[in-house]
> 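First, the structure itself, so that you have it in front of you.
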Amino acid sequence: MGILIHLLEKRTFTSNYKSWILLRCRSIVIQIKKASSVCLPTTSAPECFNFSRRVTSIHKSVQFSQTRHPYGEMLANYGNNVFSWTSMISMNAQKGFNDRALSYFLQMRRAAVEPNETTFSVIIRVSCELSCADTGTSLHCLILKKGFFRQLFVASGLITMYSKCGYIEQARQIFDEMPDKDAVSWNAMIAAYSQEGLSLEALDLFSLMLKNGTDWKLMVNNFTLASSFKACAGLGYTKIGKSLHTNSIKLGLNSDIFVGGSTIDMYSKCGNLGMARRVFDQMKRRDLVTWNTMITGYSQNYCGEEAIELFYQMQLKGFLPNETTFACVLKASAAIPDSAAGRYFHAKTLRSGNSLYVYVGTALVDMYSKFFDMEDAEKAFGETKKNIVSFNALITGYSLVGRYEEALRAYAKLRSENMRPDRFTFTGLFSSCSLLAALIEGAQVHAHSIKFGLESNVSVGNSMLNFYAKCGLIDSAVETFESITMPNTISWAGIISGFAQNGEGEKAVEYFCKMHKLSEKIDEFSFSSVLKALANWAATGQGKQLHANVIKTGLETTIFVGSALVDMYSKCGMVEDSWKVFSKMPVKNVVSWNSMIVGYAQNGFDEKTLLLFQEMLDSGLTPTCITFIGVLFACSHAGLVEEGRNYYNLMVNSYGIPPSLEHCTCMVDILGRAGYLNEAETFVIKSPFPLEPGIWKSLLAACAIHKSFDIGIRAANHCLWLEPHDSATYVILSNIYASRQMWCEVTEIRELMKDMAIHKEPGYSWIDIRNKMQVFVAGDTSCYTEEVAEVLQIWLEHAKVGCYDCDHNIYSP
DNA sequence: GTAGGGTTAG
């Protein structure tokens with residue numbers, strides 16, 4: 001160690017360099033000490049490089065002396081000539097034999113041949129390819145010592161080497177301390193930033209380059225543009241991207257294949273698929289990466305069909321898809337979502353021998369999770385290499401179905417393999433705990449997020465906030481919100497909906513106003529997300545206040561906000577207000593129509609629902625699956641059997657919409673309530689959902705109404721088999737037996753319920769007093785404060801027996 | 001006979 005310090009003191013290094021290189025050397029020393037067979041060097045300065053030579057030989061197990069090399073013979077001919085050594089090293093490096101290239105370099109040093117700047121240039125790239133920072137640092141020492149640092153080729157090589165090894169700050173330091181810079185050194189540094197995802201830094205440096213350079217036209221070239229486009233893509237900066245595009249055309253650099261590819265990527269990452277496709281179509285020459293970039297553009301923008309179409313076109317043009325292409329089309333299949341296409345591409349991936357790449361494996365895990373097929377997702381995970389991203393894909397998959405125990409088990413596994421979790425890991429873990437409100441587990445995830453310094457990250461924070469709100473710990477949610485370093489619109493929507501969920505309407509509005517003050521302009525998106533939050537929790541008072549704010553901003557009649565208002569009012573039972581907003585909207589899309597149709601249906605306005613549906617068809621719009629949920633719901637409510645059958649057939653046959661569980665349950669309800677119990681039972685069995693408890697419950701309810709014994713027993717058996725802990729089934733079944741005076745069976749069911757500890761779920765009611773929810777359970781008087789008693793008294797005076805008044809905020813679920 | 005910088009995929 002003393003020798004190293006001595007070596008460093010002797011040179012004219014800046015102090016920062018010294019301490020950093022010292023640190024790196026120290027790690028080399030520690031590694032050497034760990035490998036007990038190696039002794040520490042003892043004497044002169046050149047030994048510095050010997051450190052890393054030993055380390056490298058340990059790490060890479062290069063057995064140079066025992067291997068015969070094809071170029072080995074040449075050594076005898078060229079002897080101690082630096083050129084012959086250098087070309088030997090270079091030739092091996094070019095063929096990808098990086099270990100061997102390094103061995104030749106070490107041999108050359110041993111033979112006391114002095115390297116020149118070309119040798120360093122080549123060997124830096126070798127250490128970069130091996131991504132061996134220790135070798136690189138030792139080379140850096142040697143370069144400083146031998147005085148080659150001022151050479152442009154050498155210094156730019158070091159910039160790239162450090163950034164590829166993950167030491168971006170060291171790369172910048174070299175860049176800053178370079179006495180002379182040329183286009184390549186600038187480009188190397190800009191590329192280093194954009195490749196590391198430090199897009200802002202990349203663009204800053206780009207503008208510095210424009211200011212600093214004597215003539216920027218001499219400095220900016222196709223390399224600069226490619227990196228800058230990548231930075232714009234990372235930030236979603238359309239404006240800068242567009243101006244770069246214009247300039248690339250002016251400079252005549254747009255025909256470069258890298259510039260073209262990065263332009264396409266920039267436009268598609270900014271969401272402008274039209275421009276991306278135009279650039280793609282206008283390119284004179286395309287390579288595999290160009291095609292992959294365009295396919296990716298489509299699949300990232302949820303245009304799965306177009307992505308797959310391009311995949312076939314690419315092959316018609318004679319391009320052979322590679323692993324990247326397969327990762328893209330798998331993602332496209334997940335985005336549609338089309339599980340048949342996904343499985344087909346999986347098979348193609350296997351056949352083409354591309355299934356072993358970790359990117360492809362992760363795409364498979366992700367795809368199967370999105371199909372809710374965790375069995376195949378786990379299988380794909382088991383067959384792929386493990387890294388943090390593949391683990392994240394698995395964890396996120398579990399979170400989609402709320403399987404937090406498995407998610408946590410995967411987390412424990414990745415920790416046991418010494419992997420470092422990132423923001424995606426924690427986002428997945430929190431949302432896996434949210435669905436079933438797994439409080440203790442989520443709190444542990446919180447602790448771990450602090451351990452890894454990710455608790456104030458905005459995406460981690462948002463999912464943590466959502467988790468606490470779901471668990472009813474609104475104070476913790478607020479704390480989380482406050483600790484997010486840079487809250488975004490989603491963060492605000494999250495905390496506002498958290499308040500709404502927990503019956504704190506006043507707070508929800510307070511935070512909405514806060515958000516209003518902080519950001520200069522509230523956009524459509526934030527309004528509609530807040531309205532949605534309030535709608536789901538039937539917070540009418542707050543919704544009205546928000547509506548007033550919306551009118552002030554003039555956003556009331558826009559599609560998103562208008563539809564959200566329609567939805568909010570109808571969910572709060574104020575369907576006339578929904579209609580007022582709906583009829584005022586100058587432009588409506590299918591979402592707006594759906595909101596109104598479903599709103600009418602859910603509030604019992606069956607005739608209006610069906611009339612509005614006809615109006616929608618007349619206006620030329622194509623109904624969606626949501627539209628038919630409203631229509632069928634109205635039919636079931638109104639007892640319109642024939643109409644229900646017709647609408648169902650219209651949906652499936654004329655519009656090609658596959659029936660969902662909701663549609664089928666509605667149909668069972670329509671048939672069952674009208675007494676067509678045999679038809680209803682057949683419908684359930686033939687439907688795509690014979691294993692869903694909900695659809696059988698619907699049939700069971702109908703059997704209870706019509707006192708249908710045989711079908712009722714069969715339906716109840718299905719319900720018990722699929723959901724053995726649901727108290728409602730036991731109660732209905734016991735009623736069915738009771739209606740036939742089968743008292744033994746009734747007693748048996750009651751006993752069974754006792755044995756299985758199944759209790760009848762109590763009914764809850766709640767009222768809204770000055771924007772605070774007060775929940776009641778039958779028989780519980782602990783919540784009767786004076787204020788509550790007063791409100792209840794007022795309400796009782798106005799209410800008729802057995803009729804709940806929805807317009808005055810009194811609900812009974 | 002030898003040398004530095006760029007685009008796509010989870």
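Owing to the predicted nature of the structure, the values given are computational and were not obtained by experimental measurement. Here is how names work: the chains are called A, B, and so on, in the same order as the sequence lines, proteins then strands, and each is numbered from 1.
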> Picking from B:dG4, B:dT8, B:dT7, which would you name as closest to the side chain of A:Ser156?
B:dG4
> Of all the choices, B:dA9, B:dT2, B:dT7, which nucleotide is nearest to the side chain of A:Phe258 once you look at every atom?
B:dT7
> Which pairs with one or both residues in residues 379-395 of chain A pass salt bridge (charged side-chain N to carboxylate O under 4.0 Å, His left out), sequence neighbours excluded?
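Passing the test, one end in residues 379-395 of chain A: no pairs.
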> Near DNA chain B, under 4.0 Å by heavy atom, which residues of residues 227-254 of chain A?
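Here the set is A:Ser227, A:Lys230.
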> Using the test ring-ring contact (aromatic ring centres under 6.0 Å, His included), find all partners of A:Phe206 that sit at least two apart in sequence or belong to another chain.
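Counting only residues at least two positions away or on another chain, A:Phe206 forms no ring-ring contact (aromatic ring centres under 6.0 Å, His included).
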> Taking distance alone, no hydrogens or angles, what donor-acceptor pairs closer than 3.5 Å link side-chain atoms of residues 417-428 of chain A to residues at least two apart or in another chain?
residue, atom, partner, partner atom, Å
A:Glu417, OE2, A:Lys413, NZ, 3.4
A:Asp422, OD1, A:Asn392, ND2, 2.9
A:Asp422, OD1, A:Phe424, N, 3.0
A:Asp422, OD1, A:Thr425, N, 3.1
A:Asp422, OD1, A:Thr425, OG1, 2.9
A:Asp422, OD2, A:Asn392, ND2, 3.4
A:Arg423, NH1, A:Ser459, OG, 3.2
A:Thr425, OG1, A:Asn392, OD1, 2.8
A:Thr425, OG1, A:Asp422, N, 2.9
A:Thr425, OG1, A:Asp422, O, 3.2
A:Thr427, OG1, A:Arg423, O, 2.6

> For the side chain of A:Phe153, starting at C-beta, report the closest nucleotide among B:dG4, B:dA9, B:dG6.
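From the listed options, B:dG4 comes nearest.
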> When you measure from every atom of DNA chain B, which of residues 339-367 of chain A have a heavy atom less than 4.0 Å away?
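Contacts with DNA chain B under 4.0 Å: A:Val358, A:Tyr359, A:Thr362, A:Ala363, A:Asp366.
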> Applying ring-ring contact (aromatic ring centres under 6.0 Å, His included), can you list everything that pairs with A:Phe120, at least two apart in sequence or on another chain?
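If we apply the ring-ring contact (aromatic ring centres under 6.0 Å, His included) test to A:Phe120, skipping adjacent residues, the hits are A:Phe148.
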> Can you run down the side-chain hydrogen bond (donor to acceptor under 3.5 Å, both in side chains) pairs that involve residues 189-201 of chain A, sequence neighbours left out, and say none if there aren't any?
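Every side-chain hydrogen bond (donor to acceptor under 3.5 Å, both in side chains) pair that includes a residue of residues 189-201 of chain A, provided the two are not neighbours, is A:Arg172-A:Tyr193.
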> What's A:Asn116 touching, base or sugar-phosphate or nothing? Going by heavy atoms closer than 4.0 Å.
nothing
> Going by the side-chain hydrogen bond (donor to acceptor under 3.5 Å, both in side chains) test, which pairs reach into residues 243-252 of chain A, not counting sequence neighbours?
A:His245-A:Tyr267
> Give one of base, sugar-phosphate or nothing for A:Ile124, where a contact means two heavy atoms less than 4.0 Å apart.
nothing
> Identify which nucleotide among B:dA9, B:dG6, B:dA3 has an atom closest to any side-chain atom of A:Ala226, counting heavy atoms from C-beta outward.
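Of the candidates, B:dG6 comes closest.
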> Which pairs count as side-chain hydrogen bond (donor to acceptor under 3.5 Å, both in side chains) when at least one residue sits in residues 358-367 of chain A, sequence neighbours excluded?
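As it turns out, the side-chain hydrogen bond (donor to acceptor under 3.5 Å, both in side chains) pairs with a partner in residues 358-367 of chain A, which skip direct neighbours, are A:Asp366-A:Lys370.
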> What's the closest nucleotide to the side chain of A:Lys331 if the choices are B:dT2, B:dG10, B:dG6?
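Of the options given, the side chain of A:Lys331 lies nearest B:dG10.
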> Please collect all salt bridge (charged side-chain N to carboxylate O under 4.0 Å, His left out) contacts where either partner lies in residues 345-357 of chain A, sequence neighbours excluded, each pair once.
none
> Looking only at the side chain of A:Phe83 (C-beta and beyond, no hydrogens), which of the listed nucleotides B:dG10, B:dT2, B:dG4 gets closest?
B:dT2
> Could you check which residues of residues 265-285 of chain A get a heavy atom under 4.0 Å from DNA chain B? Sort them by number, please.
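Per residue number, the list reads A:Asp265, A:Lys269.
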> Which residues, if any, of residues 371-402 of chain A bring a heavy atom under 4.0 Å of DNA chain B?
A:Asn387, A:Val389
